[in-house]
Amino acid sequence: MSQNVLVVGGAGYIGSHTTLALREAGYGTVVYDNFSAGHRDACFGDHLVEGDLADTDLLTRTMRDYDIDSVIHFAALIEAGQSVVTPLPFFHNNLGGTLSLLDAMNVAGVTRLVFSSTAAVYGNCEDVARLSEDLPRAPINPYGHSKAMVEAVLETCVQAHGLEAVALRYFNACGADAQGRSGERHDPETHLIPLVIQAARGQRDQIKIYGTDYDTPDGTCVRDYIHVSDLAAGHVAAVAHLQRKQTAGFEALNLGTGAGQSVRQIIDAVRRVSGHDFKVEEDVRRAGDPAFLVADNGRAQQVLGWQARHSDLDTIIRDAWAYATKNL
Ligand SMILES: NC(=O)c1ccc[n+]([C@@H]2O[C@H](COP(=O)([O-])OP(=O)(O)OC[C@H]3O[C@@H](n4cnc5c(N)ncnc54)[C@H](O)[C@@H]3O)[C@@H](O)[C@H]2O)c1
C-alpha cells in the first residue's frame, strides 16, 4: 500500500500542521493549494502542486503522478460571518470544489478521504451539555450548511463509489507548532485567541466581549479550544484508521477536548501568559452565538485511539504567543 497522502489546502493553518505531523509519522506528502488563503512558507510537503479544487483534471493527474493512497481535504472558505453576506462563493468552493475532488478521486481510483468538517454543522444546541455525533445536522449559516451538505454527499455516495470517508468535526482550532514552524495567520483574523493576542501586543486598541449575560459561570460564551497539533495528530490517526478498516463507509467524529473555556478565561490566560494588560470592552450579544459549544469526544477517542495532549489553555496560549511575537 502506498503511504502517500494528498493534503488539499495544505498551505493553510490546520493543513500545514497536519503535513508536519504526517511527515513525522512516515507518510509521503503532496500539498495541493491555490494560495487563496494559504502561505508558501507553510508548505511542508515533499511536493507542492499549485492548483484549484475546481481543476478536476489537475487533481486526477496529481493523484496518479504521486501514487496517492489517501486524501485529506482542508480547502474551504472558512469565515462563517462572511458566508452570511456572500453565500454563493461558499457553496461553489466548499461544496462544488469537493464534488470536483470526489470526481478526481473516482477517476484516479483513490478511495480514502478525511474531510475537514466543523462543529458549525450542529448549529444552536443551547440545551445540550456536550455535542455528540448522533445529534442531527442543523447548521445556522451558509458556511455550516456547505459543510453539512458535503457530509450528506459523502454519506450517500460512499457505498456506490466504494469510498472510505471520515468527517472530522473540529471545535475551536488554536495554538501553534511548539517548534515554531507554523501558526495561525488568517487574513482577516476572526478567531478569538489571535485577536486577544493582538490586543496584548498593542496591535489593536481593545478586545470586545460580545455578551456578558449568557447562562454560563461568568456570563460569557464557552467554547472548546483544541490545540492545532492535537488536530493534526487526529488526522494522522484518521488516515491510519481508514487504511486499517478497508471497507466503504462514512463516519463523523468530533475533534475537541470535551472541556469548555469562557471568553473571560481566554482573556485572563493571555494576560497571565504574556504578562501584558490591555483594554476589554463589553458589548451586546451577537446574533447566532450559542452560549455553550463543547464536544463529546468519546467516539474519536475510541475509534481513532486519539487523545488531546497539548490542549491545556496555558500551552495553547504560550505556543500561539511565541508564534505571533516571532512572526506577526
Ligand atoms: N480554523 C478553525 O477553527 C476551523 C474550525 C472548524 C473547521 N475548520 C475547517 O478546517 C479547514 C482548514 O481551516 P484553516 O483554519 O486551516 O483555514 P485556512 O484558510 O488557513 O486553510 C485553507 C486552505 O485551503 C486553501 N484553499 C481554499 N480554497 C481552495 C481551492 N478552491 N483550491 C485550492 N486550495 C484552496 C487556502 O489557500 C488555504 O491554504 C477548513 O475546511 C475549515 O472549514 C477550521
Side-chain angles (χ1 to χ4, degrees), residues 12-14 16-17 37 39 42 78-82 118-120 143 170-178 180-232 255-295 308 310-328:
Y13 173 44
I14 306 171
S16 61
H17 289 81
H39 305 275
I78 66 164
E79 217 205 302
Q82 183 59 34
T118 165
Y143 165 72
Y170 320 149
F171 283 65
N172 289 51
C174 52
D177 175 55
R181 295 168 294 180
S182 194
E184 189 164 15
R185 42 179 166 150
H186 294 116
D187 183 17
E189 189 55 77
T190 57
H191 295 113
L192 180 65
I193 290 176
L195 292 178
V196 179
I197 286 176
Q198 286 176 9
R201 297 182 68 207
Q203 294 172 326
R204 58 175 51 239
D205 297 340
Q206 62 186 15
I207 191 77
K208 275 196 180 179
I209 302 181
Y210 294 101
T212 53
D213 57 350
Y214 284 96
D215 186 15
T216 58
D218 67 18
T220 66
C221 288
V222 170
R223 297 288 179 269
D224 186 332
Y225 292 90
I226 177 146
H227 195 295
V228 66
S229 297
D230 282 332
L231 287 179
L255 289 188
T257 64
Q261 309 286 346
S262 73
V263 177
R264 283 199 207 281
Q265 283 176 306
I266 298 291
I267 289 171
D268 289 347
V270 173
R271 283 185 168 136
R272 188 170 60 242
V273 171
S274 72
H276 291 252
D277 202 3
F278 46 90
K279 197 171 150 201
V280 174
E281 195 177 289
E282 297 183 2
D283 206 336
V284 294
R285 294 181 183 200
R286 283 184 305 202
D289 264 351
F292 192 85
L293 281 183
V294 175
H310 308 280
S311 293
D312 66 281
L313 194 49
D314 280 24
T315 303
I316 287 172
I317 305 291
R318 215 173 29 246
D319 290 346
W321 178 261
Y323 180 80
T325 49
K326 257 201 199 133
N327 298 285
L328 306 176

Heavy-atom donor-acceptor pair, R201 side chain to A324 backbone, under 3.5 Å: yes
Side chain to side chain contact (heavy atoms under 4.5 Å, CB included) evaluation trace for R204 with L195: CA-CA 8 Å; R204 58 175 51 239; L195 292 178; 3.3 Å; yes
Student check: side-chain heavy atoms of I317 and R272 closer than 4.5 Å: no
Sequence-distant partners of T118, side chain to side chain contact (heavy atoms under 4.5 Å, CB included), two or more places apart: A120, V121, Y143, K147
Heavy-atom pair of closest approach, residues R223 and P290: NH2-O, 2.8 Å
From I14 atom CD1 to C174 atom SG, the distance as rounded to the nearest 0.5 Å: 9.5 Å
E189 (side chain) donor-acceptor with H191 (main chain) under 3.5 angstrom: yes
Sub-4.5 Å side-chain heavy-atom contact between Y323 and R185: yes
Where F171 and D224 come nearest, the two heavy atoms and their spacing: CB-O, 3.4 Å
Distance, nearest 0.5 Å, that separates NZ of K279 from NZ of K208: 9.5 Å
Flag if over 12 foreign heavy atoms under 6.0 Å of CG, D314: yes
Reported SG-to-CD1 distance for the pair C221 and I266, which is rounded to 0.5 angstrom: 12.0 Å
Non-hydrogen atoms of Y13 and V228 that approach each other most closely: OH-CB, 3.6 Å
Test side chain to side chain contact (heavy atoms under 4.5 Å, CB included) applied to E79 - qualifying residues, sequence neighbours left out: Q82, P188, T190
Closest heavy-atom pair and its distance - A320, G175: CB-CA, 4.1 Å
Smallest separation among heavy atoms of A42 and S182, with atom names: CB-OG, 4.3 Å
Sub-4.5 Å side-chain heavy-atom contact between T216 and R264: no
Nearest-0.5 Å distance, CD of residue Q261 to CG of residue D218: 10.5 Å
Student check: side-chain heavy atoms of L192 and I267 closer than 4.5 Å: no
Any donor-acceptor pair under 3.5 Å from D283 side chain to Y210 backbone: no
From CA spacing to verdict: side chain to side chain contact (heavy atoms under 4.5 Å, CB included), F278, V196: CA-CA 9 Å; F278 46 90; V196 179; 3.5 Å; yes
Taking every non-hydrogen atom, the tightest pair across A259 and V294: N-CG1, 3.7 Å
Heavy-atom side-chain proximity of Q265 to Y225 below 4.5 angstrom: no
Side-chain donor or acceptor of Y214 paired with backbone N/O of D289 under 3.5 Å: yes
CG (D205) with more than 12 external heavy atoms under 6.0 Å: no
Side chains of R271 and V280 in contact at under 4.5 Å (non-hydrogen atoms): yes
Side-chain donor/acceptor of R181 to backbone N/O of S16, under 3.5 Å: no
Electrostatic pair R285-D213, nearest N-O below 4.0 angstrom: yes
Partners passing side chain to side chain contact (heavy atoms under 4.5 Å, CB included) against S311 (at least two apart in sequence or in another chain): I226, H227, D230, T257, A308, I316
Heavy-atom side-chain contact between T315 and R318 under 4.5 Å: yes
